[in-house]
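None of these values were measured; they are calculated from a predicted model. Every heavy atom of this structure was used, including side-chain atoms; hydrogens, water molecules and symmetry mates were not.
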Amino acid sequence: MILMPWRETLRRLPQVLGGLVLFGVGIALMLRAELGLAPWDVLHQGIADRTGLPVGTVIILAGVVILLGFIPLRERIGLGTVLNTIVIGLSVDATMAVLDPIEPVAVRIAAMLAGPVAMGVGAAVYIGAGLGPGPRDGLMTGFARRGPAIWKVRTAIELVVLVSGIALGGTVGVGTIWFAVSIGPFIQLTMPHVTIDEPVAEAA
């Protein structure tokens, strides 16, 4: 468990919550654009279509299942990890509730382009707060610590969830490609401006 003084946690908490909400808004924009989703969201949408559950609810449930995988991987859980599991899904469902389906193609393209921007900035903001990785990132680092290069683990996970999502009927398209090529640069550009560098006390 990642621990720090409660005053420091409270200081970082607004940044974590803001980043997670922004990340969820980005997912919702891509869902409304209907031009392709990030690999994990292809899977989430496919499960949602099969079960009738809201996509945000599926994101939360999938996050809980992934957190259970932290136990055998001995991956540490922080407050940010738990909040990530819950807040992104809530943000997606809330945004979908107020954002009507988009008809004009130009607006759909704009929403598709804006989605990964919001997700990349949001990811950098919550990661920069230093309160723990998201469940999916923790899964990746947990496997990588056992030998394989982190890019191989990330690629394998993304391919598995993408293929599974396609099989379940999730949306793949130009938005999927745009996410793949843009999310990393947006995170990298944002991280230096939002990372909190103060030392953090940790306990097992």
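- Proximity of Leu13 to Leu79: side-chain heavy atoms (C-beta onward) are separated by under 4.5 Å at one or more points.
- Side-chain contact, Glu34 with Thr171: no donor N or O sits under 3.5 Å from an acceptor N or O.
- Two residues are said to be in side-chain contact when any heavy atoms from C-beta on lie closer than 4.5 Å; Pro135 and Asn84 meet this criterion.
- Under the 4.5 Å side-chain criterion, counting only non-hydrogen atoms from C-beta, Val92 is not in contact with Asp41.
- Between Gly36 and Met30, the closest heavy-atom pair is O-CE, 3.3 Å.
- Here the side chain of Thr155 pairs no donor or acceptor atom with the backbone of Lys152 at under 3.5 angstrom.
- Remark: the backbone N or O of Val21 is paired with a side-chain donor or acceptor of Ser91 at under 3.5 angstrom.
- Between Arg108 and Glu103 the shortest heavy-atom distance is CD-O, 3.8 Å.
- To the nearest 0.5 angstrom, Thr176 atom OG1 is 9.5 Å from Met112 atom CE.
- With rounding to the nearest 0.5 angstrom, the CG atom of Leu35 is 13.5 Å from the CH2 atom of Trp178.
- Closest of all the heavy-atom pairs between Ala118 and Gly26 is CB-CA, 3.8 Å.
- Few gaps surround CZ on Phe186; more than 12 heavy atoms of other groups in view lie less than 6.0 Å from it.
- By the criterion of side-chain heavy atoms lying less than 4.5 angstrom apart, applied directly or through intervening Ile, Leu, Val, Met, Phe, Trp or Tyr residues, Phe143 is grouped together with Ile66 in one hydrophobic cluster.
- Each of Val125 and Ile127 belongs to its own hydrophobic cluster when Ile, Leu, Val, Met, Phe, Trp and Tyr are linked at side-chain heavy-atom distances under 4.5 angstrom.
- Taking CG of Asp93 as the reference point, atom CD1 of Ile59 lies at 7.5 Å (rounded to 0.5 Å).
- The two residues Arg50 and Leu168 come nearest to each other via the heavy atoms NE-O, 3.4 Å.
- The two residues Val64 and Thr85 have their closest heavy-atom pair at N-CG2, 3.6 Å.
- Under the side chain to side chain donor-acceptor pair (under 3.5 Å) criterion, Arg32 pairs with no residue, sequence neighbours left out.
- Residues Val194 and Leu17 fall into different hydrophobic clusters, defined by Ile, Leu, Val, Met, Phe, Trp and Tyr side chains chained together at heavy-atom separations under 4.5 Å.
- Taken together through direct or relayed side-chain contacts under 4.5 Å among Ile, Leu, Val, Met, Phe, Trp and Tyr, Val117 and Ile88 form parts of separate hydrophobic clusters.
- With hydrophobic clusters built from ILVMFWY side chains whose heavy atoms lie under 4.5 angstrom apart, Met191 does not share a cluster with Leu22.
- When atom types are taken as modelled, the side chain of Thr95 and the backbone of Ala28 share no donor-acceptor pair closer than 3.5 angstrom.
- Annotation: the span from Ile47 atom CD1 to Ser164 atom OG amounts to 8.5 Å, rounded to 0.5 Å.
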Under the side-chain contact (heavy atoms from CB on, under 4.5 Å) criterion, do Ile196 and Glu8 qualify, and how do the steps go? CA-CA 11 Å; Ile196 300 175; Glu8 182 66 17; 4.3 Å; yes
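- In this structure, Arg12 CZ and Tyr126 OH are separated by 16.0 Å, a value rounded to the nearest 0.5 Å.
- At a threshold of 4.5 Å between non-hydrogen side-chain atoms, the residues Leu61 and Leu53 count as touching.
- Rounding to the nearest 0.5 Å places OG1 of Thr81 at 5.5 Å from CZ of Phe70.
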Where do Met96 and Leu31 land on the side-chain contact (heavy atoms from CB on, under 4.5 Å) test, with the steps shown first? CA-CA 8 Å; Met96 295 289 283; Leu31 285 165; 3.9 Å; yes
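- Across every non-hydrogen atom of Leu37 and Val42, the tightest pair is O-CG2, 3.6 Å.
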